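Shown next, in structure tokens, is the structure this report addresses.
Remember, it's a predicted structure, so these values are computed and weren't measured experimentally. Numbers here simply count residues along the sequence, with the first being 1.
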Amino acid sequence: MSKILIRGARILGGEPRDVLIDGETVAEVGTSLDAEGATVIEAEGQILLPGLVDLHTHLREPGREDSETVLTGTKAAAVGGFTAVHAMANTFPVADTAGVVEQVWRLGKESGYCDVQPVGAVTVGLEGKKLAELGAMHDSAAGVKVFSDDGKCVDDAVIMRRALEYVKAFDGVVAQHAQEPRLTEGAQMNEGIVSAELGLGGWPAVAEESIIARDVLLAAHVGSRVHICHLSTAGSVEIVRWAKSKGWNVTAEVTPHHLLLTDELVRTYNPVYKVNPPLRTEADVLALREALADGTIDCVATDHAPHPHEDKDCEWAAAAMGMVGLETALSVVQQTMVDTGLIDWAGVADRMSFRPAAIGRLEGHGRPVSAGEPANLTLVDPAYRGAVDPAGFASRSRNTPYEGRELPGRVTHTFLRGRATVVDGKLA
């Protein structure tokens, strides 16, 4: 592999530096570095981050290749600046055995655009009745460390306790989709003023908060690790903050769309805004931003949920829940968190690379931009402004809530172990 010299980039938003990549690693960081024999990238004014890590991606393969494949999903990830993603288990068949997680892992290896770390199901078939092969999935070639029935809640307290006890043996983590099923029967959107006015079934905040409260208590009782997926309410923030004040091993993520969009958008009846958990209120959005800034929420995760056109181009009640998010995540975080002054670019690196990699126990990612480290890197032009055009997405699906919306920032280059996967904003 040839040498690459990134000249004049601001590492984590700091002073301009040169970064020399030699093979798969960062060889040197400094000023006026020797560019002999190297491909030079002039990066004045650009931000250099460690490669982004997503704890929550739906790649749909196997079974729903009409929505996404591992190849198209990892291309979308690379365009968004990600060098590693965790692939959720709600595939067909469900990733509840060593065989299926190894299949997804191998497909990731073949794609070459980013590393794919499969997430194993907690229960067989995501049915919530019997623990899946947690140990076998962990011991497989995929080395699964994160387990989740995402899309469904592990609502049985005994099953959840047993899962937490099981993964403790190998420092795994159970990532919970916090949704009390009886409280959300027939739910179409956030329960509140807008749902009442529109006459749509409400998804109350307490349906999320009650499960989180139960699970942080269970994690403390067992002495295990629990991670809260796509936290979306101000009340959930307070529960996680309280659990962390106790020293319990609880982590949480927030999606970009819950940092920006509110349930007022549902007034359009455009199914692109239908998502689980639903878009909440402006007060919730502000609470989530503050919690991400102060570290109560550990990281940003996309919950990239691709759907084919026909599953979204229909009436609201019949539409599938979910939004694509890999290619717009960093821009939304820049708009809601950086441009508002809530965090700086070092904070972005922490919330979108360092912490998600640590939670997932993902080696080789979420590392400092320094000599000797793997060259998993993302170069961002923060001055860019442009309208989102899903026609140009690398993802197979187009169900973005940002179509036509102007967002800041653009990933210009992504490097996976020293190999450029994105150059000048285009797939390499």
Side-chain angles (χ1 to χ4, degrees), residues 9-15 17 19 26 29 46-57 77 80-86 114-115 117 145-146 173 175 225 227-231 237 240-241 243-245 247 249-260 287-303 325-326 328-370 372-380 382 408-409 411 414-415:
R10 297 170 55 208
I11 300 174
L12 274 57
E15 293 298 315
R17 292 288 185 271
V19 176
V26 175
V29 176
Q46 296 194 46
I47 308 296
L48 187 62
L49 302 171
L52 307 183
V53 176
D54 191 13
L55 270 176
H56 193 144
T57 305
F82 292 88
T83 54
V85 298
H86 290 71
C114 77
D115 286 346
Q117 178 57 55
K145 294 183 177 66
V146 181
V173 61
R225 295 200 294 142
H227 177 73
I228 308 303
C229 295
H230 44 50
L231 185 150
V237 165
V240 170
R241 186 173 282 131
K244 288 191 169 192
S245 75
N249 211 335
V250 175
T251 55
E253 69 190 31
V254 65
T255 71
H257 49 269
H258 285 113
L259 291 172
L260 180 59
L288 295 172
R289 292 184 188 181
E290 291 173 5
L292 183 63
D294 69 24
T296 299
I297 297 175
D298 297 84
C299 62
V300 175
T302 70
D303 193 10
L326 285 168
T328 52
L330 187 57
S331 290
V332 174
V333 170
Q334 179 180 334
Q335 178 172 319
T336 59
M337 301 299 296
V338 180
D339 292 352
T340 57
L342 288 170
I343 61 174
D344 56 14
W345 285 104
V348 174
D350 181 64
R351 308 312 195 273
M352 297 189 75
S353 184
F354 299 148
R355 288 212 216 183
I359 292 167
R361 302 298 194 258
L362 196 60
E363 296 182 2
H365 294 274
R367 302 293 305 162
V369 182
S370 57
E373 295 288 353
N376 297 316
L377 302 169
T378 299
L379 194 58
V380 185
V411 173
T414 307
F415 300 93

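Looking at heavy atoms from C-beta onward, Asn376 lies out of side-chain contact with Phe415 at the 4.5 angstrom threshold. A 4.5 Å side-chain heavy-atom check between Leu377 and Thr414 finds every atom pair outside the cut-off. At a threshold of 4.5 Å between non-hydrogen side-chain atoms, the residues Leu231 and Val240 count as touching. Residues His227 and Ile359 meet the side-chain proximity criterion, which asks for heavy atoms closer than 4.5 Å. Val348 has its side chain within reach of Ile343: a pair of non-hydrogen atoms, C-beta onward, lies under 4.5 Å apart. Using a 4.5 Å heavy-atom cutoff, the side chains of Val380 and Gln46 are not in contact. Here the side chains of Val411 and Leu379 are not in contact, with every heavy-atom distance at 4.5 Å or above. Side-chain contact between Thr83 and Asp115 is absent, with no heavy atoms from C-beta onward closer than 4.5 Å.
Atoms CG and OG1, from Asp303 and Thr57 in turn, are 8.5 Å apart once rounded to the nearest 0.5 Å. Residue Gln335 holds its CD atom at 12.0 Å from CG of Leu330, rounded to the nearest 0.5 Å. Remark: Ile297 CD1 to Lys244 NZ distance equals 8.5 Å, nearest 0.5 Å. One distance of note links CG of Leu12 with OG of Ser353; it measures 9.0 Å at 0.5 Å rounding. To the nearest 0.5 Å, the span separating CH2 on Trp345 from CE on Met352 amounts to 9.0 Å. Taking CZ of Arg17 as the reference point, atom CZ of Arg10 lies at 12.0 Å (rounded to 0.5 Å).
Residue Pro382 comes nearest to Ile47 through the heavy atom pair CG-CG1, 3.9 Å, listed as atom of the first residue, atom of the second, then distance. Leu55 approaches Cys299 most closely through the heavy-atom pair CD1-SG, 3.8 Å. Among all heavy-atom pairs drawn from Val250 and Asp298, the shortest one is O-OD1, 4.3 Å. Contact between Ala293 and Arg351 at its shortest, heavy atoms only, is O-NH2, 2.8 Å. Smallest separation of non-hydrogen atoms from Ala349 and Pro50: CB-CD, 3.8 Å. Residue Arg367 comes nearest to Pro374 through the heavy atom pair CG-CD, 4.3 Å, listed as atom of the first residue, atom of the second, then distance.
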Task: Stepwise side-chain contact (heavy atoms from CB on, under 4.5 Å) test for Val300 and Thr255 - done: CA-CA 6 Å; Val300 175; Thr255 71; over 6 Å; no
- [ ] List the steps, then state whether side-chain contact (heavy atoms from CB on, under 4.5 Å) holds for Val53 with Leu362.
- [x] CA-CA 9 Å; Val53 176; Leu362 196 60; 4.0 Å; yes
Open item on the list: Apply side-chain contact (heavy atoms from CB on, under 4.5 Å) to residues Val19 and Leu48 and explain how you reach the verdict.
Closed with: CA-CA 9 Å; Val19 176; Leu48 187 62; 3.6 Å; yes
Open item on the list: Would Arg225 and Arg361 count as a side-chain contact (heavy atoms from CB on, under 4.5 Å) here? Give the steps.
Closed with: CA-CA 12 Å; Arg225 295 200 294 142; Arg361 302 298 194 258; 3.1 Å; yes
- [ ] Decide yes or no on side-chain hydrogen bond (donor to acceptor under 3.5 Å, both in side chains) for Thr302 and His56, but give the supporting numbers first.
- [x] CA-CA 6 Å; Thr302 70; His56 193 144; over 6 Å; no
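Judged by distance alone, with hydrogens and angles left aside, the side-chain atoms of Ser331 form a donor-acceptor pair with the main-chain N or O of Gly409 at under 3.5 Å. Put simply, the side chain of Arg289 gets close to the backbone of Leu259: a donor and an acceptor are under 3.5 Å apart.
Counted by atom type alone, Asp54 and His86 present zero donor-acceptor pairs between their side chains at under 3.5 Å.
For an aromatic pair to be called close, the ring centres must be under 6.0 Å apart, and His258 with His230 fails this.
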